[in-house]
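Count residues from 1 along the sequence. Every heavy atom of this structure was used, including side-chain atoms; hydrogens, water molecules and symmetry mates were not.
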Amino acid sequence: MWENSVKATHLFLSESEIENIKQYVPQILREITDLIIAINDDNHPIAFMGIKDRKLEMLFVSAEETGKGIGTKLIQCGINYYSINEVTVNEQNPNAKRFYENNGFQVYKRTETDEQGNPYPLLYMKF
């Protein structure tokens, strides 16, 4: 389910790059201090966000639930209850940039590469 969401939002990544990213997920999850999971009426997870030190580290909404306002509800919860004030997005993901801008974030910094040194520019945004 979540792999489809990554593929839908990270169209610039190849299949092998997505597979490579999977290696980092357990490490990233161990560093998250707050993990918030949205569930549907059937008690199935449909979205989640991970927070560390007031920074939104991850936000994923299942492909089936995209566009229904769940991401906005999660980010507003993060801002209001966890004091989220920063997020980093891939520049090649304009929908994510627009989503965060619509929720009050603004770009303050750009890098040419991602954290692993790959040629995927990152946008650093603050609330």
Side-chain angles (χ1 to χ4, degrees):
M1 172 171 76
W2 303 110
E3 187 171 334
N4 290 337
S5 295
V6 171
K7 288 178 182 179
T9 59
H10 293 72
L11 300 172
F12 55 92
L13 294 175
S14 68
E15 289 287 330
S16 65
E17 289 169 316
I18 290 172
E19 288 299 317
N20 188 39
I21 289 171
K22 286 181 184 180
Q23 297 176 52
Y24 299 104
V25 172
Q27 175 188 340
I28 294 167
L29 286 173
R30 283 191 294 274
E31 295 173 4
I32 296 298
T33 54
D34 297 286
L35 182 64
I36 295 85
I37 301 169
I39 58 172
N40 63 14
D41 292 338
D42 296 325
N43 211 31
H44 294 113
I46 55 173
F48 69 92
M49 71 175 169
I51 303 164
K52 179 183 177 194
D53 300 328
R54 298 179 62 194
K55 181 177 181 187
L56 180 65
E57 295 289 344
M58 59 183 70
L59 173 65
F60 285 98
V61 177
S62 69
E64 300 81 15
E65 300 296 329
T66 300
K68 297 180 180 178
I70 295 163
T72 298
K73 287 179 184 175
L74 281 174
I75 195 72
Q76 291 302 315
C77 171
I79 292 166
N80 294 329
Y81 297 102
Y82 297 89
S83 301
I84 291 173
N85 66 358
E86 190 170 349
V87 65
T88 304
V89 300
N90 290 96
E91 187 174 66
Q92 293 100 326
N93 189 348
N95 290 336
K97 178 180 181 268
R98 191 169 29 261
F99 169 78
Y100 292 113
E101 286 174 335
N102 288 340
N103 282 284
F105 289 80
Q106 295 181 345
V107 175
Y108 73 92
K109 181 173 115 177
R110 178 187 183 275
T111 60
E112 288 292 325
T113 60
D114 65 15
E115 288 98 351
Q116 289 76 38
N118 297 312
Y120 301 117
L122 294 178
L123 301 174
Y124 294 80
M125 304 178 80
K126 284 199 179 216
F127 181 75

When hydrophobic residues are tied together by side-chain contacts of less than 4.5 Å, even through go-betweens, does I79 share a cluster with I70? yes

Minimum heavy-atom distance between T113 and P119, given as atom pair plus value: CG2-CA, 4.4 Å

L35 to I32 - nearest heavy-atom pair and separation: N-CG2, 4.1 Å

What I'd like to find out is whether the side chain of Y124 reaches to under 4.5 Å of the side chain of T111, using heavy atoms alone. yes

Is there a path of hydrophobic side-chain contacts, each under 4.5 Å between heavy atoms, that joins L56 and L122? no

Sequence neighbours excluded, the answer for salt bridge (charged side-chain N to carboxylate O under 4.0 Å, His left out) partners of E65 is K68

Here the side-chain hydrogen bond (donor to acceptor under 3.5 Å, both in side chains) pairs for residues 40-59, sequence neighbours left out, are K55-T88

With sequence neighbours left out, the residues meeting ring-ring contact (aromatic ring centres under 6.0 Å, His included) with F99 are none

Between the CD atom in E112 and the CG atom in N118, the distance rounded to the nearest 0.5 Å is 13.5 Å

Checking I36 now: which residues fulfil side chain to side chain contact (heavy atoms under 4.5 Å, CB included) with it, not counting sequence neighbours? D34, M49, I51, L74, Y82

Taking ring-ring contact (aromatic ring centres under 6.0 Å, His included) as the definition, give me every residue that meets it alongside Y100, ordered by chain and number, with sequence neighbours left out. F105

Are there more than 12 heavy atoms of other residues, nucleotides or ligands under 6.0 Å from atom CD of Q106? no

I46 vs E64, side-chain contact (heavy atoms from CB on, under 4.5 Å): CA-CA, chis, key distance, verdict: CA-CA 8 Å; I46 55 173; E64 300 81 15; over 6 Å; no

Counterpart residues, salt bridge (charged side-chain N to carboxylate O under 4.0 Å, His left out), relative to K97 (two or more places apart): E101

What distance do L123 atom CG and Q92 atom CD have between them, rounded to the nearest 0.5 Å? 9.0 Å

